Amino acid sequence: MLLSPGDEVIIEDPITHEIQTIFSSPGSSLYPIPVDHNGMRTELLPHDKKPSFVFVTPSHQFPIGGTLTIQRRIQLIQFARQSNCYIVEDDYDSEFRYKGSPISSLQGLDPSRVIYIGTFSKILSPALRLGYLVLPPSLVEKCKNLKWFTDLHTSSLEQLTLANFIEDRYLEHHISKMKKVYKKRREALKQSLNREFGDEVKIFGDSTGLHLIASFKNVIFSEQVLKKLDQHKIKIYPVELHTIQKGVHKNKIILGYGNLAEKEIEEGIRRLKAALSSKALTL
């Protein structure tokens, strides 16, 4: 809808590798902006660029986990207005927030400039294959036409069922219930990390969603280390897999807890500790 060959997209770095592939596939180029614990570093936005859009995950940056501050949100909106581009806001899991007040959308600051993307994959099931867009009015007709050409329509049965599920407040109750479940799993993961690694690990990005980041003081997750962990039947996902500028996040891993019981989480961290010991990683 927005990209043509030769266009440029401003994205967060790191950001999920799949997003990088999708946006670069039409022949467009990516302009990465580093993130920190408060989201995209908007002071680094290039004012000499005219991107098609800026892609951000402001409620829960993936993978680092920060929340974009109001000052940076305003900066981003101002940049989009000056550059005459759109902002694509990917809100993939902010329903599960465990600390503080709910976060308002970036789209609410400028509905004519921000495209809001949501999904039911995290809060219900990926098998539904249902998501949604909140579009500026000027893009609605163009999006409808593109949707028709790409897959004609989404199954009416699933949409109607989901609509009733929402209208009867079952979705609201489901989210409330699952927040309690995920909060326990999150606490089990944090406690296990602290128990096994102590001050050798720093945890962040855990206020929202279904994953957190573990940053290790004395571990670099090189290819060799990853292969040895795999031999110990431990599969981890380094943040570095999702970076554009390599070398900044080599000591960080993404730990998801959405589909694991508390005992499985505890066992997994014990195995990670054993595998990361010097003897376990000796060739």
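Just so you know, residue 1 is the first one in the sequence shown, and it goes up from there. What you see is a predicted model; the values in this text were computed from it and never measured.
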- Message: Checking Asn251 against Ser215 for the side-chain hydrogen bond (donor to acceptor under 3.5 Å, both in side chains) test, could you report, in this order, the C-alpha distance in whole Å, the side-chain angles of both residues, the deciding distance, and whether it holds?
- Response: CA-CA 6 Å; Asn251 66 328; Ser215 176; 3.1 Å; yes

- Query: Please walk me through it: do Lys273 and Ser192 pass side-chain hydrogen bond (donor to acceptor under 3.5 Å, both in side chains)?
  - Reply: CA-CA 10 Å; Lys273 171 65 174 180; Ser192 295; over 6 Å; no

Q: Begin from the C-alpha positions of Glu95 and Leu171 and carry the test side chain to side chain contact (heavy atoms under 4.5 Å, CB included) through to its verdict.
A: CA-CA 11 Å; Glu95 292 86 356; Leu171 179 62; over 6 Å; no

Verdict with reasoning, Ile10 to Ile33, per side chain to side chain contact (heavy atoms under 4.5 Å, CB included): CA-CA 7 Å; Ile10 292 178; Ile33 301 291; 3.6 Å; yes

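Other residues, nucleotides and ligands contribute at most 12 non-hydrogen atoms within 6.0 Å of the OH atom of Tyr237. At most 12 heavy atoms of other shown residues, nucleotides or ligands fall within 6.0 angstrom of atom NZ in Lys144. Counting non-hydrogen atoms of other residues, nucleotides and ligands closer than 6.0 Å to NZ of Lys177 gives a total of 12 or fewer. Counting non-hydrogen atoms of other residues, nucleotides and ligands closer than 6.0 Å to CD of Glu43 gives a total above 12. The environment of Tyr132 atom OH is dense: over 12 non-hydrogen atoms of other residues, nucleotides or ligands sit within 6.0 angstrom.
Here the side chains of Ser207 and Phe96 are not in contact, with every heavy-atom distance at 4.5 Å or above. Side-chain contact between Ile253 and Leu272 is present, with at least one heavy-atom pair separated by less than 4.5 Å.
For the pair Lys49 and Glu8, the salt-bridge criterion is met [side-chain N within less than 4.0 Å of a carboxylate O]. Salt-bridge formation is not detected for the pair Asp110/Arg73: no Lys NZ or Arg NE/NH1/NH2 atom is positioned less than 4.0 Å from an Asp or Glu carboxylate oxygen. For the pair Glu187 and Lys184, the salt-bridge criterion is not met [side-chain N within less than 4.0 Å of a carboxylate O]. Salt bridge present: Lys190 and Asp206 bring a charged side-chain N and a carboxylate O closer than 4.0 Å.
The heavy-atom pair separating Ile15 from Gln20 by the smallest distance is O-NE2, 2.9 Å. When every heavy atom of Pro136 is checked against every heavy atom of Tyr86, the shortest pair comes out as CG-CE2, 4.0 Å. Scanning all heavy atoms of the two residues, the minimum distance from Ile64 to His37 falls at CG2-ND1, 4.1 Å. The two residues Asn38 and Arg72 have their closest heavy-atom pair at O-NH1, 3.4 Å. Of all the heavy atoms in Pro63 and Val239, the pair that sits closest is CG-CG1, 4.0 Å. In this structure, Leu189 and Ile265 approach most closely via the heavy-atom pair CA-CG2, 3.5 Å.
Ring centroid separation for the pair Tyr92 and Phe120 does not come in under the 6.0 Å cut-off. Taking the six-membered ring for Trp and the full ring otherwise, Phe62 and His242 have centroids separated by under 6.0 Å. Checked against a 6.0 Å centroid threshold, the rings of His47 and Phe79 count as neighbours.
Between the side chain of Lys246 and the backbone N or O of Thr243, at least one donor-acceptor pair lies under 3.5 Å. No donor-acceptor pair closer than 3.5 Å links the side chain of Gln107 to the backbone N or O of Tyr116. Within the 3.5 Å criterion, the main-chain N or O of Val56 finds no donor-acceptor partner in the side chain of Asp90.
In this structure, a donor-acceptor pair under 3.5 Å is absent between the side chains of Lys227 and Gln224. Counting only N and O atoms by type, the side chains of Glu12 and Thr57 include a donor and acceptor under 3.5 Å apart. Using a 3.5 Å distance cut-off with no hydrogens or angles, the side chains of Ser28 and Asp7 do not pair a donor with an acceptor. Thr161 and Glu158 are not linked by any side-chain donor-acceptor pair at a separation below 3.5 angstrom, with hydrogens and angles left out of the test. Ser176 and Lys179 share no side-chain donor-acceptor pair at under 3.5 Å.
We find the CD-CD1 distance between Gln75 and Ile70 to be 11.5 Å, quoted to the nearest 0.5 Å. With rounding to the nearest 0.5 angstrom, the NZ atom of Lys217 is 4.5 Å from the CG atom of Asp199. Atoms CG and SG, from Leu135 and Cys143 in turn, are 4.5 Å apart once rounded to the nearest 0.5 Å. Note that the CG atom of Asp36 and the OG1 atom of Thr69 stand 8.5 Å from one another [nearest 0.5 Å]. From Lys252, atom NZ reaches atom CD1 of Ile220 across 9.0 Å, with rounding to the nearest 0.5 Å. Expressed to the nearest 0.5 Å, how far CG of Asp151 lies from CZ of Arg129 amounts to 11.5 Å.
Hydrophobic cluster membership differs between Leu133 and Leu130, with clusters built from Ile, Leu, Val, Met, Phe, Trp and Tyr side chains linked at under 4.5 angstrom. By the rule that hydrophobic residues join a cluster once side-chain heavy atoms approach within less than 4.5 Å of another member, Leu109 and Ile115 end up as members of separate clusters. Ile123 is connected to Leu210 through a chain of hydrophobic side-chain contacts under 4.5 Å among Ile, Leu, Val, Met, Phe, Trp and Tyr, so both are in one cluster. In terms of hydrophobic clustering, with Ile, Leu, Val, Met, Phe, Trp and Tyr side chains grouped at heavy-atom distances under 4.5 Å, Leu76 and Phe55 are assigned to different clusters. Linking Ile, Leu, Val, Met, Phe, Trp and Tyr residues whenever their side-chain heavy atoms come within less than 4.5 Å leaves Val114 and Val9 in two separate clusters.
Between Phe23 and Phe53, the angle of the ring planes goes over 60°, which puts this pair in the perpendicular group of the 30/60° scheme.
Residues that satisfy the side-chain contact (heavy atoms from CB on, under 4.5 Å) test with Glu167, not counting sequence neighbours, are Asn164. Legend: residues meeting side-chain contact (heavy atoms from CB on, under 4.5 Å) with Glu267, ordered by chain and number and at least two apart, are Arg270, Arg271.
Put simply, the residue from Lys99, His60, Gln61, Arg97 that forms a side-chain hydrogen bond (donor to acceptor under 3.5 Å, both in side chains) with Thr208 is Arg97.
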